[in-house]
Every structure is written in C-alpha cells, then in structure tokens.
J.: 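Mind having a look at this structure? Questions to follow.
Please read all numbers here as calculations on a predicted model, not as lab measurements.
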Amino acid sequence: MKGEPSCPRCGNRVHAPGDPSAHLPVVPDSLVGAVPDTVPEDLASLPAAALPLGAGSAVDLWHCELHGAVHPVQPVLSPDAESLFEVVQHSQVPLWLPWPLPGNWRFSGLAYVGDRIDGARATVVAASGPSPFGGEGDLLLIAEEMGIGIGARFAGLPGPDPGPIFEDTAAHAKVYAAGRPTPMWAVPGTGDRAVFVGEARGMWLWLVLWPAIDGTMLYDEVVLTDLRDALAEIPHLPIGTLSSRFFG
C-alpha cells in the first residue's frame, strides 16, 4: 500500500474518476445508442465497468488498469487515536479489534477502502505484539463488503472473495464478534501466514496472522469488538509502531 490511492485487489495505482489517462474498456457498437429490446450476444463478454448502469455506477469509481472499476484503498494511516476515530465515524463496515488486547499487544495502524464522502467499504486494522511462540506477532483484522477483494489479497488468494472454502467443511475455529459466536474457516496454502475467514455483521471477516503458527491463538477464546461500538475506548488503546504488514 503506497502513499496514494491503490487497487484493493492488486495494490497498483488507480486513476481517479474522469482521469483521461485511464484506459477504459471499449463498448461494442451494438451497445451504442438506444437500449435494444433483446440483450446483445456480446454483452456477456463486456467488462462490468463498461455497462451503462446509470448514477452510482462504474463511472463514479476509481479505475485499475488490471481490475477495472474499484473502490480505492486510501494511504495507510499511522496508529493514533485521532486517525482511528475519524475513520470509525464514517465507516459503513466494522473495524474489528480484540478488546481488551492480549498482554503487551498494541494497535499498529489502519487502512480503509472507500472515500470520505461515502465512507469506508472495507477496513484493515493492525495489531502487533509478542508471539506466544517467541518473537513478534502481527494480526490484520479485515472487514469488507462482498467483491472488494482486499481480504483475499492479504490472504494470498486470487479473490475477490473467499471462494469454495466453506463447502463440505466444518468451521475450524470460533471467535466472538460483537458478542455473537462467529464460525471461522482456515484458508489452506497461505505460506508464511495463517488466514481465517468468516462472516460477521453481514460482511466478510478475515483474520491474517504472522507467523503462521500464531493461528493457533484462534483455538482459544477470541473476543472481537467493533470499534464503532466502543468510541469511549479509543483514547485508551495502547499504541505501537506502524505495522510493516501493510506493505508486504
């Protein structure tokens, strides 16, 4: 994540709405002019970003050369109460954090997908502290609307959503999110990190932990708080240094 808006799926630079340098998809001639009574055969192959969807459509979004119309990831925010409070006030999705934090763990940064007008459509909250197995541990807690793709990106999946992870498999762990028991599924093949995904408050919930062995922490009782419900606690959060996991 760079110091400019980027794509939630790949991290590449994105073009602002109306940027003439963006390479927009070409609309087939059969779609130019009046809307036909029947759907043209080439409609199925047309990128969604090119469809004439009217107000609030792709033309209002940012543009990634690889993924088309996207909500932008804003530059990473340093771990301080003021930045966190501002995002919390305008977020459409939860900002999850274990609360209270485990011993000697600290809030270590924040990123969000969206803008200040419409609010956050996905949030990434970082916490860092001593690993139970020695050395330093890192945790990213991601809440996102379906189709955003930033959770899959940190999980190392092609995305934008978890895919068939839930099929024919019982949940591997459980957390309590805003007081509700929330099943979580372990994502296989994620290399140096442990990844769990579930659903809370109608959004995807991703937990990404480094090193991978720290994933065993989820087999204990983990209680997550939506910081939108805990505004009074924000000034009391222990603050650490900005997590390097945002930039890996």
Side-chain angles (χ1 to χ4, degrees), residues 1 73 75-88 91 93-112 120 122-144 150-151 153-156 172-187 190-198 200-201 203-248:
M1 294 184 180
V73 184
V76 176
L77 298 172
S78 60
D80 61 70
E82 183 178 354
S83 297
L84 179 57
F85 188 77
E86 183 172 346
V87 176
V88 166
S91 182
V93 302
L95 292 93
W96 296 114
L97 192 69
W99 191 252
L101 283 165
N104 296 317
W105 277 64
R106 298 180 177 276
F107 167 58
S108 54
L110 169 69
Y112 71 94
T123 58
V124 185
V125 180
S128 304
S131 167
F133 304 96
E136 287 297 306
D138 295 286
L139 168 64
L140 296 182
L141 302 101
I142 302 163
E144 64 176 342
I150 195 168
R153 173 181 157 199
F154 278 111
H172 301 102
K174 179 178 67 176
V175 300
Y176 287 87
R180 299 181 63 88
T182 302
M184 302 294 290
W185 280 260
V187 179
T190 54
D192 66 339
R193 70 208 69 184
V195 179
F196 290 80
V197 63
R201 291 195 162 175
M203 310 284 173
W204 291 126
L205 166 61
W206 300 80
L207 303 181
V208 186
L209 302 100
W210 290 266
I213 194 171
D214 277 7
T216 57
M217 294 170 61
L218 265 71
Y219 300 113
D220 296 327
E221 185 171 291
V222 176
V223 178
L224 304 181
T225 293
D226 182 353
L227 293 175
R228 297 179 302 172
D229 299 332
L231 295 179
E233 302 295 340
I234 290 178
H236 306 294
L237 283 177
I239 302 298
T241 58
L242 182 61
S243 174
S244 62
R245 300 301 180 181
F246 286 111
F247 311 100

J.: Taking the side chain as C-beta and beyond, is there a heavy-atom pair between Pro94 and Leu224 under 4.5 Å?
T.: no
J.: What distance do Ser244 atom OG and Trp210 atom CH2 have between them, rounded to the nearest 0.5 Å?
T.: 8.5 Å
J.: Heavy atoms only: give me the nearest Leu242-Ser78 pair and the separation to one decimal.
T.: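 Heavy-atom minimum between the residues: CD1-CA, 4.4 Å.
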J.: What verdict does the side chain to side chain contact (heavy atoms under 4.5 Å, CB included) test give for Trp206 and Leu140, after you've listed the backbone C-alpha separation in whole Å, the side-chain angles of each residue and the deciding distance to 0.1 Å?
T.: CA-CA 8 Å; Trp206 300 80; Leu140 296 182; over 6 Å; no
J.: If you take all heavy atoms of Ser128 and Ser108, which pair is closest and at what distance?
T.: OG-OG, 2.9 Å
J.: Between Thr182 and Ala177, which heavy-atom pair has the shortest distance, and what is it?
T.: OG1-CB, 3.5 Å
J.: With a 4.5 Å cut-off on side-chain heavy atoms, are Trp105 and Pro130 touching?
T.: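 Result yes, sub-4.5 Å side-chain heavy-atom pair found.
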J.: Can you list the residues that meet the salt bridge (charged side-chain N to carboxylate O under 4.0 Å, His left out) rule with Asp80, with sequence neighbours excluded?
T.: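 Here no residue qualifies.
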J.: Verify side chain to side chain contact (heavy atoms under 4.5 Å, CB included) between Leu97 and Leu237, making sure each step is shown before the conclusion.
T.: CA-CA 10 Å; Leu97 192 69; Leu237 283 177; 3.6 Å; yes
J.: Show your working on side chain to side chain contact (heavy atoms under 4.5 Å, CB included) between Ile142 and Trp204 and close with a plain yes or no.
T.: CA-CA 8 Å; Ile142 302 163; Trp204 291 126; over 6 Å; no
J.: Would you mind reporting whether Pro79 and Arg106 have side-chain heavy atoms less than 4.5 Å apart?
T.: no
J.: If I compare all heavy atoms of Ile150 with all of Glu144, which pair ends up nearest, and what's the gap?
T.: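 The pair with the smallest heavy-atom distance is N-OE1, 3.1 Å.
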J.: Once you round to the nearest 0.5 Å, how far does CE of Met217 lie from CG of Leu139?
T.: 7.0 Å
J.: Would you give the length of the straight line joining atom CD1 of Ile239 to atom CZ of Phe107, rounded to the nearest 0.5 angstrom?
T.: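 If I round to the nearest 0.5 Å, the distance is 6.0 Å.
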J.: Is there a side chain to side chain contact (heavy atoms under 4.5 Å, CB included) between Arg228 and Leu95 once you walk through the steps?
T.: CA-CA 7 Å; Arg228 297 179 302 172; Leu95 292 93; 4.0 Å; yes
J.: Nearest 0.5 Å please: distance from the CE atom of Met203 over to the CG atom of Asp226.
T.: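 Nearest 0.5 Å value for the CE-CG distance: 10.0 Å.
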J.: So do the side chains of Leu218 and His172 get within less than 4.5 Å of each other, counting heavy atoms only?
T.: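 No, every pair of side-chain atoms sits at 4.5 Å or beyond.
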J.: When Thr225 is tested against each of Trp99, Tyr176, Trp96 for side-chain contact (heavy atoms from CB on, under 4.5 Å), which residue passes?
T.: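 Option passing the side-chain contact (heavy atoms from CB on, under 4.5 Å) with Thr225: Trp99.
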J.: Measure across Leu110 and Phe246 and return the closest heavy-atom pair with its distance rounded to 0.1 Å.
T.: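 Result for this residue pair: N-CZ, 3.5 Å.
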J.: Go through the structure and list residues passing salt bridge (charged side-chain N to carboxylate O under 4.0 Å, His left out) with Asp138, not counting sequence neighbours.
T.: Arg245
J.: Would you indicate whether Asp192, at its atom CG, is surrounded by more than 12 heavy atoms from other residues, nucleotides or ligands within a distance under 6.0 Å?
T.: yes
J.: Could you work out, with salt bridge (charged side-chain N to carboxylate O under 4.0 Å, His left out) as the rule, every residue matching Glu136, not counting sequence neighbours?
T.: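 Salt bridge (charged side-chain N to carboxylate O under 4.0 Å, His left out) check on Glu136 returns nothing, list empty.
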J.: Has the side chain of Ser91 got a donor or acceptor atom that lies under 3.5 Å from a matching backbone atom of Val88?
T.: no
J.: For Leu209 versus Asp214, what's the shortest heavy-atom pair and its separation?
T.: CD2-O, 3.5 Å
J.: Below 4.5 Å, heavy atoms only, C-beta onward: do Val175 and Pro98 meet side chain to side chain?
T.: no
